[in-house]
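All residue numbers refer to positions in the sequence shown, counting from 1.
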Amino acid sequence: MFKKYLMTVVVFASVLLGNAAHAVLLTLEPATQQAAPGDTVSIELHVSGLGEGTPPLFVGGFDMDIMFDPAVLSFLGPYTLGAGLGDPLLGEALDLGLGDLGAGVINIAELSLLENDSSSCLFCSSPYLQDLQGVSILLATLDFRVDVLPLGSMTLVDIGIIYGLSDGIGAPLDYTVRNAQIENVESVPAPPTLALIALGLLGTGFTRYRAR
């Protein structure tokens with residue numbers, strides 16, 4: 001456990017020491033969702049590409065900014081952390097995020113104090129990261145209110161600066177990113193509606209033809 005507390009000092013700086021050997025995917029989900037002014041939308045931060053028999057098997061810590069347009073959205077904080085790194089209320093993880101920094105920037109950060117598995121520590125007890133994490137885990141959830149979003153327009157929620165992303169022993173992870181967008185567009189008529197419109201047009205044309 002002492003190793004995990006020591007990591008609080010070095011884990012987020014470790015990304016500066018070299019390139020990671022394995023890549024994971026950081027995503028904001030859903031990638032696209034429909035909303036209009038007055039609606040509340042939720043954006044989830046996920047990491048995938050873990051496990052499956054090859055490293056990286058676990059995520060042990062992260063520190064990053066989530067960015068949005070404050071002229072369009074309002075952040076309904078605080079953010080909510082997922083369970084994959086442990087429960088901060090039970091002393092299993094540290095919530096190190098600074099939250100809403102203003103100007104459309106939200107800092108979220110968490111460091112797990114759990115060991116990877118039972119073989120990582122002779123005198124530790126469960127839960128372990130192995131018990132909490134799978135191929136994909138939820139890191140955090142953020143809620144927004146849509147203030148201004150004209151019909152036919154869209155806005156982005158982005159993963160901004162990533163200060164650190166580490167595996168279960170504090171080594172930096174390489175990553176790719178997929179952001180999210182919120183759009184306000186007119187819905188396209190469903191196929192049955194389109195079929196009725198087409199039949200109506202055909203009927204009108206046939207009537208005009210008979211009337212000649």
Side-chain angles (χ1 to χ4, degrees), residues 1 3-4 7-8 10-15 17-33 41-68 78-97 106-121 124-144 156-182:
M1 185 64 73
K3 177 194 70 176
K4 288 289 186 177
M7 282 168 54
T8 62
V10 300
V11 66
F12 296 128
S14 64
V15 72
L17 300 180
N19 294 325
H22 308 285
V24 296
L25 176 63
L26 288 168
T27 59
L28 292 175
E29 301 180 13
T32 303
Q33 61 180 308
V41 296
S42 292
I43 300 288
E44 295 183 345
L45 172 64
H46 288 256
V47 59
S48 58
L50 303 171
E52 298 181 317
T54 59
L57 300 177
F58 311 106
V59 170
F62 65 93
D63 183 359
M64 66 188 70
D65 289 342
I66 304 297
M67 307 180 70
F68 65 98
Y79 60 80
T80 302
L81 292 171
L85 275 68
D87 188 343
L89 297 179
L90 298 178
E92 298 171 350
L94 298 176
D95 182 354
L96 303 175
I106 307 162
N107 177 254
I108 54 176
E110 185 179 17
L111 177 69
S112 177
L113 303 178
L114 301 176
E115 299 294 333
N116 287 345
D117 50 45
S118 59
S119 65
S120 303
C121 181
C124 298
S125 58
S126 61
Y128 301 103
L129 292 181
Q130 184 182 53
D131 303 324
L132 303 177
Q133 298 187 12
V135 176
S136 175
I137 61 172
L138 170 67
L139 296 180
T141 302
L142 304 94
D143 294 326
F144 299 89
L156 297 175
V157 179
D158 298 331
I159 298 173
I161 300 174
I162 299 179
Y163 304 99
L165 180 66
S166 68
D167 66 11
I169 60 173
L173 295 174
D174 195 9
Y175 53 83
T176 56
V177 169
R178 187 186 72 200
N179 296 311
Q181 70 179 31
I182 301 166

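If you take CE on M67 and CD1 on I159, they are separated by 12.0 Å, rounding to the nearest 0.5 Å. A distance of 12.5 Å separates OG1 in T80 from CG in L45, rounded to the nearest 0.5 Å. Annotation: the span from Q33 atom CD to I182 atom CD1 amounts to 5.0 Å, rounded to 0.5 Å.
Residues V135 and L50 have side chains not in contact (no heavy-atom distance under 4.5 Å, counting atoms from C-beta outward). Considering only heavy atoms from C-beta on, I108 comes within 4.5 Å of F62 through its side chain. Between I66 and L28 the shortest side-chain heavy-atom distance falls below 4.5 Å. The side-chain heavy atoms of D65 and D158, taken from C-beta on, include no pair separated by under 4.5 Å. Residues N116 and L57 are not in side-chain contact: their nearest non-hydrogen atoms beyond the backbone lie 4.5 Å or more apart. Counting heavy atoms from C-beta on, the side chains of V24 and L165 come closer than 4.5 Å. Contact annotation: the side chain of N179 never approaches that of V157 to less than 4.5 Å [non-hydrogen atoms, C-beta and beyond]. Side-chain contact between L114 and D131 is absent, with no heavy-atom pair separated by less than 4.5 Å.
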Is there a side-chain contact (heavy atoms from CB on, under 4.5 Å) between L26 and L139 once you walk through the steps? CA-CA 10 Å; L26 288 168; L139 296 180; 4.1 Å; yes
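For D143, the side chain to side chain donor-acceptor pair (under 3.5 Å) test picks out S42, with sequence neighbours left out. In this view, E29 and R178 satisfy the salt bridge (charged side-chain N to carboxylate O under 4.0 Å, His left out) rule, not counting sequence neighbours. The side chain to side chain donor-acceptor pair (under 3.5 Å) search around T176 returns none, not counting sequence neighbours. Among residues two or more places apart in sequence or in another chain, the side chain to side chain donor-acceptor pair (under 3.5 Å) test is passed with S136 by none. Judged as a ring pair (Phe, Tyr, Trp, His ring centres under 6.0 Å), and not counting sequence neighbours, the contacts of F144 are F68, F75.
Across every non-hydrogen atom of Q133 and F58, the tightest pair is OE1-CA, 3.2 Å. Residue L129 comes nearest to G168 through the heavy atom pair CD1-CA, 4.0 Å, listed as atom of the first residue, atom of the second, then distance. When all heavy atoms of L25 and V177 are compared, the pair lying nearest together is CD1-N, 4.3 Å.
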Listed pairs under 3.5 Å, donor-acceptor, residues 82-95 side chains, sequence neighbours left out:
{"from": "D87", "atom 1": "OD1", "to": "L89", "atom 2": "N", "distance (Å)": "2.9"}
{"from": "E92", "atom 1": "OE1", "to": "D87", "atom 2": "N", "distance (Å)": "2.9"}
{"from": "D95", "atom 1": "OD1", "to": "Y79", "atom 2": "OH", "distance (Å)": "2.6"}
{"from": "D95", "atom 1": "OD1", "to": "G97", "atom 2": "N", "distance (Å)": "3.2"}

